[in-house]
2 protein chains.
Amino acid sequence: MVQKDMTKDKIIEASWELLQQEGLESFSMRKLSKKLNLTVSSIYWHFASKEAIFQELIHQVIGEINISLTQNTWQEQLLEYGYAISEVLRSRPYSAQLLMAYPPKAPNYLKLIDNLLKIIEHLDASHEYKFYTISVYLNYIINFEMDLMYLKLNSDKEDLLSTADRLKTSAPLLHQMKQEGIFNKLGHRNMFDYGLHVLINGFESNLT
Amino acid sequence: MVQKDMTKDKIIEASWELLQQEGLESFSMRKLSKKLNLTVSSIYWHFASKEAIFQELIHQVIGEINISLTQNTWQEQLLEYGYAISEVLRSRPYSAQLLMAYPPKAPNYLKLIDNLLKIIEHLDASHEYKFYTISVYLNYIINFEMDLMYLKLNSDKEDLLSTADRLKTSAPLLHQMKQEGIFNKLGHRNMFDYGLHVLINGFESNLT
DNA sequence: ACCTGAACACCGTTCAAGT
DNA sequence: ACCTGAACACCGTTCAAGT
């Protein structure tokens, strides 16, 4: 058998398409079955559940992260990795939402965490703090990509923040910032960079 | 009219109960109606949608944050606020999930963001960076409480990480940490503190 | 002003039955 | 080994009709 599980691959392929079109919330097995010209029940022959499909998607997207760690301080390596993760998540719409919705379980996800732990392994801190450091780091990256997706979706309708005049008196600073149009500059690369540096500098002054 | 909207209050009260019992995912209008001895459709007379109920919950829980800013540096104030937010979120099960699921919209939520912005208002940075700083800060706190909830729910079944032997070779560091039982120490207060200090120290070295 | 009943258009998952 | 049809037990929301 040269080719194995062709339909399984097709289901995953169609799932990526459906996810891009519908988002995580509106992704349904019935829509997926229509896309594949299959019955819903036959999808269940290939995958045990909807979550099993999602776990496979998570496995794949994280497998697409490719990185060559040329830099040698752990700070530089975390930066490089951060960019690489961010890039892959952006190339697969709603994959950040997927990572947020389910705890790490896919083999590639666990391997990624292990690789990140290796980067800070030599530092003088307990395993708890190291693990937690990587959690905070990953949460930051995933959250950034999630917010970015949200901003992209709502860039047309202008009430990113309730447009009411109430805002002017109850949250004057926020109101002012909104008037200045800062929400158009939020998802930019320099923001991502700033946050990543905040974390890494923070790790530096607290981990050792 | 001395008392206004008694049923509206009852619906909110029952919603808190239902949220605690079922979590966000399993919260349904039909279950809520049963709890209230009402029809589903009559709930819709009081609230336009399920989200409208959730927005009211968000409004309430954030309104419960009470804080007396005795400290005077912005770093100390962000710390104090962080503890206060964390405490309220923990007192209302699944409220962190609620905040994650919906963008800031409830009046009290916007007011909170404004108060936090005020704390760093005097710093020498652009409004974009200040707003983003507060976003990162809030995301951290909310995420911590979410993860804590998840840990609490899964403390019984031991496969917090896939228990497979595969882990030993593909993610050896993670495997080792798991053996050491670090996952029992993750949700603790010193972890929250560490992360909050990481952020604040990071802000300090990047914002100015 | 407030509530009911019934319906619409969906869900994820299971399972006997087919080929 | 793979797929179908039908069913089960749910969803959020709407709306004419009641009091």
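Letters go in sequence order (proteins before strands), and every chain restarts at 1.
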Nucleotide-level pairing of DNA chain D, given in dot-bracket where Watson-Crick and G-U pairs need both distances under 3.5 Å and | marks other strands = ||.|||||...|||||.||
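For A:Ser41, the side chain to side chain contact (heavy atoms under 4.5 Å, CB included) partners are A:Thr39, not counting sequence neighbours. Among residues two or more places apart in sequence or in another chain, the salt bridge (Lys or Arg N to Asp or Glu O under 4.0 Å) test is passed with A:Glu22 by A:Lys31. Not counting sequence neighbours, the partners of B:Lys10 by the side chain to side chain contact (heavy atoms under 4.5 Å, CB included) test are B:Met6, B:Leu36. Residues satisfying the salt bridge (Lys or Arg N to Asp or Glu O under 4.0 Å) criterion with A:Lys35, sequence neighbours excluded, are A:Glu17. When the side chain to side chain contact (heavy atoms under 4.5 Å, CB included) test is applied to A:Met146, the partners found at least two apart in sequence or on another chain are A:Ala96, A:Gln97, A:Met100. Applying the salt bridge (Lys or Arg N to Asp or Glu O under 4.0 Å) test to B:Glu64 and every residue at least two apart in sequence or in another chain returns B:Arg92. Every residue was checked against the ring pair (Phe, Tyr, Trp, His ring centres under 6.0 Å) condition with A:Tyr137, not counting sequence neighbours, and none meets it.
In this structure, A:Lys8 is positioned above the aromatic face of A:Phe47, its NZ or CZ under 6.0 Å from the six-membered ring centre and within 45° of the axis.
Residue pairs satisfying the salt bridge (Lys or Arg N to Asp or Glu O under 4.0 Å) criterion with at least one member in residues 79-90 of chain A, sequence neighbours excluded, are listed as follows: A:Arg90-A:Glu145.
Other residues, nucleotides and ligands place no more than 12 heavy atoms under 6.0 Å from the CD atom of B:Glu25.
The outermost nucleotides of DNA chain D lying under 4.0 Å from heavy atoms of chain A, listed 5' to 3', are D:dA1 to D:dA7.
Contacts with DNA chain D (heavy atom under 4.0 Å) in residues 41-50 of chain B: B:Ser41, B:Tyr44, B:Ser49, B:Lys50, listed by number. Contact check of residues 11-38 of chain B against DNA chain C (heavy atom, cut-off under 4.0 Å) returns B:Arg30, B:Leu38.
Separation of the C1' atoms belonging to C:dC3 and D:dA16 is 13 Å when rounded to the nearest angstrom. Distance noted for atom P between D:dA9 and C:dA9: 23 Å (whole Å).
Ring geometry for B:Phe144 versus A:Tyr132: interplanar angle over 60°, hence perpendicular rather than tilted (30 to 60°). Using a 30° and 60° split on the angle between ring planes, A:Tyr140 and A:Phe192 fall in the parallel class, below 30°.
To the nearest 0.5 Å, atom CG of residue A:Leu57 and atom CD1 of residue A:Ile12 are 5.0 Å apart.
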